[in-house]
Protein chains: 2
Amino acid sequence: MHAIEEILRKKKIKVTPQRMAVYSILKQSKFHPNVEMIYQKLKPDFPAMSLATVYKTMDVLKKVGLIQELNVGEGGLRYDAQIRPHSHIYCKNCGKVVDVDHFPLEELQDSLLEKVKEETGFNILFVQLYFFGTCPECNDKKELLEASS
Amino acid sequence: MHAIEEILRKKKIKVTPQRMAVYSILKQSKFHPNVEMIYQKLKPDFPAMSLATVYKTMDVLKKVGLIQELNVGEGGLRYDAQIRPHSHIYCKNCGKVVDVDHFPLEELQDSLLEKVKEETGFNILFVQLYFFGTCPECNDKKELLEASS
DNA sequence: TTCATAATTGATAGCAGTTATTACTTAAAA
DNA sequence: TTTTAAGTAATAACTGCTATCAATTATGAA
């Protein structure tokens, strides 16, 4: 039995094929898909699945702490099955979201959270750090375009 | 003439009373309003103003670099006339957005941006750091409720 | 295994935030 | 002052998401 099954059963949440499939897609993919992307990926195996089910599943998985939500300002949300704190970088050109693995978000959180708590009086639950820019692939394409003009 | 007027004229963007009013509200308020809040504040002085005009004005002001957009995952966006890099903290209970002035986002940006550029190959344009939690006022209210139960 | 039932799913209507369109109006260059 | 490119108001349309509800299914008890 997979870890996800145990976690869901423990919380009296039903283990359904749809939920397993959504989580499996998220676990596999590195590009941090949004609901629409997940829906499209599921279509071949679950032609009857509804978009609403994907939305509801994201909600369930988030609530039990199996995934985290990313908001890169696209309108829709992106999802990540890696729940360890880490930051993300977003390509404003092609929409790609990439993990920034070696960026010290964990240390940052440990060492500086207290300072921010003192300054603001807030009880801090979590931190999100986003970098925005353009990815190497898009930069290369742009250079090619400029060179040819 | 105000700085904003000069900046707009330099870019051949017309200086209109609506634009001045929107910017003035943003400059005054510390609570990082969203479009709806700005619209409501403007109503007494500009009863004829359309919501669409506020949206378009936010767009113009953002493009000329007079304001920055904040995305705290509410659906709508929040706006800040303080464009110097700084981080924000969001109360998940009451929706308040507060500046975290002394958090070292500027130093962070200077010292660590290069590392992230190397790791990812991205060209980085800007960084956004959000803290999420509950504000002192909401925490106090909760304590009172618990004490009285 | 079968059954009862509460949770989940799929289909769809509805909602909120945002954008597009268009006819009218205005700021500002000539 | 006149001209006109740009902006505004009103509103229709679009998008991401949520609510609703009848049909279906996972799960625990018999």
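Since the structure is predicted, the reported quantities are computational estimates derived from the model, not experimental observations. First the proteins, then the strands, lettered A, B, ... as listed; each starts at 1.
Summarising the geometry of A:Ala21 relative to A:Leu42, their closest heavy-atom pair is CB-CD2, 3.5 Å, with the distance given to 0.1 Å. Contact between A:Lys41 and A:Pro44 at its shortest, heavy atoms only, is O-CD, 3.4 Å.
Comparing B:Asp59 and A:Met49 by the nucleotide of DNA chain C whose heavy atom lies nearest to each, the residue mapping closer to the 5' end is A:Met49. Looking at which nucleotide of DNA chain D each of A:Glu36 and B:Lys12 is closest to, the 5′-most match is held by B:Lys12.
For B:Ala48, taking side-chain heavy atoms from C-beta onward, the closest of the listed nucleotides C:dA27, C:dA6, D:dA9 is D:dA9. Of the candidate nucleotides D:dT25, D:dA5, D:dT8, D:dA5 has the atom nearest to the side chain of B:Lys14. Which of D:dG7, C:dT18, D:dA26 sits closest to the side chain of A:Thr16 comes down to D:dA26. Comparing D:dT11, D:dG16, C:dT18 by their nearest atom to the side chain of B:Ala52 picks out D:dT11.
Counting to the nearest Å, the P atom of C:dT8 and the NZ atom of A:Lys63 are 11 Å from each other. Protein atom CD of A:Gln40 is 15 Å distant from nucleotide atom C1' of D:dG16, rounded to whole Å. The separation between A:Glu74 atom CD and D:dC14 atom P is 21 Å, rounded to whole Å. Atom CD in B:Glu69 sits roughly 9 Å away from atom P in C:dT18 (whole-Å rounding). The distance between atom CE of B:Met20 and atom C1' of D:dT8, rounded to the nearest whole Å, is 17 Å. If you measure from atom CD of B:Glu5 to atom P of C:dA28, you get 8 Å, rounded to the nearest angstrom. Following rounding to the nearest Å, B:Ile13 (CD1) and C:dA29 (P) show an atom-to-atom distance of 13 Å. Atom CG in A:Leu51 sits about 18 Å away from atom P in D:dC14, given to the nearest Å.
In this structure a side-chain-to-backbone donor-acceptor pair under 3.5 Å is present from A:Arg78 to A:Phe31. B:Tyr90 contributes no side-chain N or O that, together with a main-chain N or O of B:Asn71, makes up a donor-acceptor pair within less than 3.5 Å.
Distances shorter than 4.0 Å separate none of the side-chain N or O atoms of B:Gln18 from OP1 or OP2 on C:dT26. One finds no side-chain N or O of A:Arg9 lying less than 4.0 angstrom from the OP1 or OP2 phosphate oxygen of D:dA26. Between A:Ser50 and the phosphate of C:dT9, there is no side-chain N or O to OP1/OP2 separation shorter than 4.0 Å. Residue A:Tyr55 has a polar side-chain atom (N or O) positioned under 4.0 Å from OP1 or OP2 of D:dC17.
Residue-level contact check: B:Lys56 touches the bases, meaning some heavy atom is under 4.0 Å from a base atom. Within the nucleic acid shown, B:Leu77 comes within 4.0 Å of sugar-phosphate atoms alone, with no base atom in reach, counting heavy atoms only. A:Pro17 comes within 4.0 angstrom of the backbone, heavy atoms only, and of no base.
Environment of NZ in A:Lys96: crowded, with over 12 heavy atoms of neighbouring residues, nucleotides or ligands closer than 6.0 Å.
Follow the hydrophobic side-chain contacts under 4.5 Å out from A:Ile13 and you reach A:Leu66 in the same cluster.
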